[in-house]
There are 2 protein chains.
Amino acid sequence: MRKTQTLRLTRQRSIILQELQNLKTHPNADEIYEIVRKDIPRISLGTVYRNLEILSDIGQIQKLELGGTVKRFDGNTENHYHIRCVHCNKIVDASMDLIKDLEKNLNGNSGFTILDHRLEFLGICRDCEESLSNLEEEIAKPM
Amino acid sequence: MRKTQTLRLTRQRSIILQELQNLKTHPNADEIYEIVRKDIPRISLGTVYRNLEILSDIGQIQKLELGGTVKRFDGNTENHYHIRCVHCNKIVDASMDLIKDLEKNLNGNSGFTILDHRLEFLGICRDCEESLSNLEEEIAKPM
DNA sequence: ATTCTTGCAAACATTTTGCAGGGCA
DNA sequence: TGCCCTGCAAAATGTTTGCAAGAAT
């Protein structure tokens, strides 16, 4: 949890936020670093990590902790659902309304105070579908 | 995807599987390593990682790719939902029936072939709730 | 006998952190 | 001016991999 302190709006912080809000994708820290580097060539990856952490702490962006080992970030701070390609790990927003009161379906006493939920669909994206079927044709060919 | 090859049932592999099936928890690779080490003191962490990967590839265990950066594993191979403590990252099974056909709620064409879904509730576990309220009392005290 | 698997260690990938100098409020 | 923030580099963390020896089929 972040201490109550006066945060400063530095060029680095504001550009990271701005770029993230403009994107419809769900980049990881390194991808954000590469994008912001076009504006601030000498920015460091450490600064990117620190600011992503701060911005998500204060609710200006969303840290996505979904499938995969790498953290991703989202300029859209509303809870919404995602679809992830199990093959290439691409993530897109799911066009589906939020299910309210989903936690009412929980039976018994879990001992948890439920705050929210995350829903992720797993699937195969069109690109991977195509490359997989090409691969199958290739394998089926006699040598 | 795993090549079709004859897998061998080694002592290491069978004990990892067995221990994981006995656990109700959702350990990460290192925790599994510590547990299995009691049976096979000279097992290496690399072997644990390799076997967890293989066992989940062949569907004997489940790799949980939920919140958090660390991979966790589950001896229960049925899709089921989880509750995660946002404070200590503890994960427990949610007692809630699987929602069938959830993907029918997806509007429009995502371009994905949907295979499955993952649902995770976020909350605060009882332990963290207590330690947080103790902390607040502590802070409220005059010095 | 074959070849899959292991232990070990090194390599990798990702994220965090200490520090001295710089810049926002 | 105070102290938050930055760039840089090193460290920490988590996971994968090359290799020679060992074990399962």
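Below, chain A is the first sequence line, B the second, and so on; all start at residue 1. Hydrogens, waters and symmetry mates play no part in the numbers below; they use all other heavy atoms, side chains included. For clarity, every value in this text was computed on a predicted model and none was experimentally measured.
Judged by atom type and distance alone, Arg8(B) reaches the base of dT3(C) through a side-chain donor-acceptor pair under 3.5 Å. Side-chain to base pairing of Arg11(A) with dG7(D): no donor and acceptor N or O lie closer than 3.5 Å to each other.
Taking only side-chain nitrogens and oxygens, Thr47(A) never comes nearer than 4.0 Å to OP1 or OP2 of dC5(D). Note on Tyr49(A): a side-chain N or O is less than 4.0 Å away from OP1 or OP2 of dT15(C). Side-chain N/O atoms of Asn51(A) include one lying less than 4.0 angstrom from OP1 or OP2 on dT6(D). The side chain of Ser44(A) places no N or O atom within less than 4.0 Å of a non-bridging phosphate oxygen (OP1 or OP2) of dA9(D). A sub-4.0 Å separation between OP1 or OP2 of dC24(C) and a side-chain N or O of Arg13(A) is absent.
If you measure from atom CD1 of Ile54(A) to atom P of dT17(C), you get 12 Å, rounded to the nearest angstrom. If you measure from atom CZ of Arg72(A) to atom C1' of dT14(C), you get 13 Å, rounded to the nearest angstrom. Gln12(A) has its CD atom 8 Å from the P atom of dC24(C), to the nearest Å. We find that CG of Leu7(B) is positioned 21 Å from P of dT2(C), with the value rounded to whole Å. Taking atom CG on Leu55(B) and atom P on dT5(C), their separation rounds to 11 Å, with Å as the unit. Distance CZ (Arg50(B)) to P (dC19(D)): 13 Å, rounded to an integer number of Å.
For Val70(B), counting side-chain heavy atoms from C-beta on, the closest listed nucleotide (dT15(D), dT15(C), dT17(D)) is dT15(D). The side chain of Leu9(A) lies closest to dA25(C) when the candidates are dT6(C), dA25(C), dC5(D). Distance from the side chain of Lys71(B) is smallest for dT15(D) among the nucleotides dT15(D), dC8(D), dG7(C).
The aromatic rings of His26(B) and His80(B) sit tilted relative to each other, their planes meeting at an angle between 30° and 60°.
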